[in-house]
Protein chains: 2
Amino acid sequence: MDTKTALLDSAETIARQRGFDGFSYADLSAAVGIRKASIHHHFQTKAILGQAMMERYRISFDDALSEVKRGTNSAADRLRGYVGLYQDALQGGKTICLCVALSSDRNSLDDATLNEISRFHAMSLAWLETLFDDAKSDGSIKSVMDSKLEAAQCLALVEGAQLMAHAQHDVDVFISATELLLARVSA
Amino acid sequence: MDTKTALLDSAETIARQRGFDGFSYADLSAAVGIRKASIHHHFQTKAILGQAMMERYRISFDDALSEVKRGTNSAADRLRGYVGLYQDALQGGKTICLCVALSSDRNSLDDATLNEISRFHAMSLAWLETLFDDAKSDGSIKSVMDSKLEAAQCLALVEGAQLMAHAQHDVDVFISATELLLARVSA
DNA sequence: CCATGCCAACCTACTAACAGGTAGGTTTGC
DNA sequence: GCAAACCTACCTGTTAGTAGGTTGGCATGG
C-alpha cells in the first residue's frame, strides 16, 4: 500500500482513540514500519499531517453522507442512517469521530486544521438542514421545528453522545442519548 | 490564598481551556508563583492532581445544581438554569466544563480520575431525571417522554454543544444547539 | 544496450525543548 | 527544634524536527 495513505490511516486510527496530542511520529513509525524521520518526507510537520488527515476525513464523511442519501427514501430513514454512522464510528466505545477527537485538542491545532473542522461542521449542518426540510415535506419525522436549529441540535447531540460514550468506553451511553431522537422517526 | 487551592484553581482554568494534556507543572509554576518541584509537595503526581481537580469540580457543580434547584419553582425554570450553567461555563467559547475537557483526554487519565468523570455523569443524569420527572407532574416542559432518556439526551446535548462552541470559539454555536430544548419550556 | 544523472524514498544520528518526577538542602513560623 | 513549605539542581524519557548520507528505480543520451 501507498506509504502516505498508510500513514494517514494509522494517524487517523490513533487520533480517533487518543486525540491529536495522543499520537506521535514514533507511534506512526512503529505502526507503519518506516523510521520516524522518514515520515517527515511525506508530511513535513505534524500540523500538515493533521490538516491532511482532517481534510481526508471530511471528504470521506461527505461521501458517506451521500451514500446514506442515495440508499434511503424518507427523511426518517436518512436520520437513522446518520445516527448509525456515528454509532458505527464509535466501534464499541473505543474510537470516536475524528472531528470530535480533534475538537478536544483545539489548542494544539493550527489554523488550517481548525478551518477543516469548521468546514466539517458546516457540511454536516447543511446536510442535516436539508434532511429536516425534507422531513417537513414527507412528514416522516415528528414535530419538526426550525430546520437550522434541528440540525444544530442534532449535530451537538451525536457529538456529545460520542464523547460521553468514549469517556466510559460504553456504546450503550450513545444509544441511550440518541434514543429519543430516533423515537421521533420510528413510532 | 492557600497554595493548594491556588494550584487547583490554575490547573482547572488551564485544563478547561486546553485539556488535561494541555497543562504542565511548568505552567502551574508560572501561574502560581512557586517552583515546579514545589508543586509535588502538594500533589505528588499529576494523576493525583487530576483526580483532586475533578473531584472538587464535581462537588462544586453539585452545589451549583442544588443552588439552581433552590432558586427555582418549576421544572422549566430548573432546565433553563441548568443550560445556563453550561453556557456560563463556556465564557464566550474560551473554556468548557472540566468534565468535557477531561473526557477528551481520557487516555492520559488514571482510573481514579476516570471514575470521577463517571460519578459526574451519574450525578448529572440523576439530577436531570428528577427534573424531567417533576416536569411530568407540573407540566412545565412540553412532551416529556421517558425521564431517563430525556436526561441522557439533555446531558449529551449540552456537552456536545460546548465542545462545538469551544472548537469554534463561538458561544452562538452553543446557543443555537440548545435553542429547541429551551423552546420546549419557554413557549 | 548500457552509462549517466536524477530524484523520491528511505535511512542513521542528532538536536533543543519540554515532560513528569526525584534528591536533598534551606527557609519560615509555630 | 521541628515540620511544612519551598528551593536548586538534576534525571530520564519523549517530543517534533533537522542534517546529511544511502538506495533503487526510471529516464535520457551516446
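Side-chain atoms are counted along with the backbone in the values below, which use heavy atoms only and exclude waters and symmetry mates. Just so it is clear: chains get the letters A, B, ... in the order the sequence lines come, proteins before strands, and each one is counted from 1. This is a predicted model, so every value here is computed, not measured.
- Remark: side-chain polar atoms of Ser104(A) are not paired, donor with acceptor, to backbone N or O of Ser104(B) under 3.5 angstrom.
- Partner of Arg18(B) under the side-chain contact (heavy atoms from CB on, under 4.5 Å) criterion, chosen from Asn107(A), Asp105(A), Asp21(A): Asn107(A).
- Other residues, nucleotides and ligands contribute only 12 or fewer heavy atoms inside 6.0 Å of the CG atom of Asp111(B).
- Annotation: cation-pi geometry not satisfied between Lys46(A) and Tyr25(A) (NZ/CZ under 6.0 angstrom from ring centroid, within 45° of ring axis).
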| request: Do nucleotides 23-30 of chain C as a string where each nucleotide becomes B, S or -: B if the base has a protein heavy atom under 4.0 Å, S if just the sugar-phosphate does, - if no protein is that close. | output: --------
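- Between Phe174(B) and His166(B), a ring centre-to-centre spacing not shorter than 6.0 Å is recorded.
- One finds a side-chain N or O of Ser38(B) lying less than 4.0 angstrom from the OP1 or OP2 phosphate oxygen of dC7(D).
- By the 30° and 60° cut-offs, the orientation of the rings of Tyr86(A) relative to Tyr82(A) is tilted.
- Within residues 98-115 of chain A, no residue is approached by DNA chain D to less than 4.0 Å at the level of any non-hydrogen atom.
- Between the side chains of Ser147(B) and Asp133(B), at least one donor N or O lies within less than 3.5 Å of an accepting N or O.
- Residues Arg16(A) and Gln91(A) are in side-chain contact: their nearest non-hydrogen atoms beyond the backbone lie under 4.5 Å apart.
- Under the 3.5 Å distance criterion, with hydrogens and angles disregarded, a donor-acceptor pair is assigned to the side chains of Asp110(A) and Thr113(A).
- The aromatic ring centroids of Phe61(A) and Phe120(A) lie less than 6.0 Å from each other.
- With rounding to whole Å, Lys36(A) atom NZ is found 14 Å from dC14(C) atom P.
- With dC7(D), dA16(D), dC11(C) as the choices, the nucleotide that has an atom nearest any side-chain atom of Ile34(B) turns out to be dC7(D).
- Residues of residues 39-56 of chain B that place a heavy atom closer than 4.0 Å to DNA chain C, in numerical order, are His40(B), Thr45(B), Lys46(B).
- Contact check of residues 22-32 of chain B against DNA chain D (heavy atom, cut-off under 4.0 Å) returns no residues at all.
- Of the residues Glu159(A), Arg58(A), Glu116(A), the one that meets the side-chain contact (heavy atoms from CB on, under 4.5 Å) test with His121(A) is Glu159(A).
- Taking OG1 of Thr178(B) as the start and CD of Gln162(B) as the end, the distance is 10.5 Å to the nearest 0.5 Å.
- Residues passing the side-chain contact (heavy atoms from CB on, under 4.5 Å) test with Ala31(B) are Ser10(B), sequence neighbours excluded.
- Leu180(B) and Leu182(B) are not part of a single hydrophobic cluster, where members link through side-chain heavy atoms under 4.5 Å apart.
- Rounded to whole Å, atom C1' of dC14(C) lies 15 Å from atom CZ of Arg35(A).
- Taken residue by residue, residues 5-21 of chain B places no heavy atom nearer than 4.0 Å to DNA chain D.
- In this structure, Lys148(A) forms no cation-pi arrangement with Phe132(A), as its terminal cationic atom is not both closer than 6.0 Å to the ring centre and no more than 45° off the ring axis.
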